[in-house]
S.K.: 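Next up is a structure, given as structure tokens.
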Amino acid sequence: MTTQPAGVADCIRSSELFSFLSTDERAVAFLSECFRAVSFRSGSIILREGDSGDSMLMMLSGTVRIDTKTPAGDQYTVATLSEEQACFGELALFDSQLRSATAIADTDCQLLELDRESFERFADAFPEHAVVVYRRLGKIVSQRLRRASKDIGILFQALVQEVKEASLGSRGAGGH
């Protein structure tokens with residue numbers, strides 16, 4: 001049995017993902033045992049884009065920057081997380097695909113980690129709760145996808161404008 005930091009159950013009860021469990025102490029206690037406390041020093045890589053993933057993390061304290069690589073290989077910050085109980089890496093609870101982003105500790109961070117195997121044990125023990133968690137995960141993922149789609153639209157519009165301006169500029173430079 002791993003030693004859990006004080007307040008894991010409280011974090012579960014107050015998180016967007018698991019708050020509905022607050023009325024089921026058995027489920028909260030079971031899930032509390034599934035989480036593992038992890039710490040990262042400022043500047044540490046928590047998750048690396050392209051690595052295999054099998055766990056999600058929930059913030060207890062600190063600030064985490066989520067970066068991804070552009071096609072040119074440059075790092076681009078997608079989000080900065082500093083809310084307690086914010087989660088990231090949650091796609092790993094759905095599948096065994098490679099990580100889609102890098103998570104970097106901007107400050108010293110205290111996190112809770114939930115691996116897929118432990119979550120599946122919880123889902124088997126509490127299937128009625130697992131359905132709600134999957135729905136909430138779906139909502140979180142869809143909100144992030146909508147945000148990403150909007151960002152892509154803005155970037156595309158800016159690129160089109162830049163190409164138009166460059167095209168007009170090259171016509172004027174030709175002496176016509």
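We number each residue from 1, following the sequence as shown. The figures here come from the full heavy-atom set of this structure, side chains too, leaving out hydrogens, waters and symmetry mates.
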S.K.: Does Phe40 offer a backbone N or O that forms a donor-acceptor pair with the side chain of Ser44 under 3.5 Å?
M.R.: no
S.K.: Sub-3.5 Å donor-acceptor pair from the side chain of Ser167 to the main-chain atoms of Val163, do we have one?
M.R.: no
S.K.: Just by distance, do the side chain of Thr102 and the backbone of Glu49 share a donor-acceptor pair under 3.5 Å?
M.R.: yes
S.K.: With no hydrogens and no angle check, is any side-chain donor or acceptor of Arg136 less than 3.5 Å from a backbone partner on Glu16?
M.R.: yes
S.K.: Indicate yes or no for a side-chain donor-acceptor contact from Ser55 to the backbone of Glu113 under 3.5 Å, with no hydrogens or angles considered.
M.R.: no
S.K.: Any side-chain heavy atom of Ile46 within less than 4.5 Å of one from Phe88?
M.R.: yes
S.K.: Taking Thr107 for its side chain and Thr63 for its backbone only, find out whether a donor-acceptor pair lies under 3.5 Å.
M.R.: yes
S.K.: Salt bridge check: are Asp51 and Arg99 linked by an N-O gap of less than 4.0 Å?
M.R.: no
S.K.: Is there a side-chain contact between His129 and Phe18 in this structure, where contact means two heavy atoms from C-beta onward sitting under 4.5 Å apart?
M.R.: no
S.K.: Fit a plane to each ring of Phe30 and Phe122, take the angle between them on a 0 to 90° scale, and name the class: parallel (under 30°), tilted (30 to 60°) or perpendicular (over 60°).
M.R.: tilted
S.K.: Would Asp54 and Arg116 pass as an ion pair if we require N to O under 4.0 Å?
M.R.: no
S.K.: Do Phe35 and Leu91 belong to the same hydrophobic cluster, where Ile, Leu, Val, Met, Phe, Trp and Tyr are linked whenever their side-chain heavy atoms lie under 4.5 Å apart, directly or via other members?
M.R.: yes
S.K.: With a 4.5 Å limit on heavy-atom distance, are the side chains of Leu17 and Met56 in contact?
M.R.: yes
S.K.: Mind checking whether Met59 and Leu111 have side chains closer than 4.5 Å, heavy atoms only?
M.R.: yes
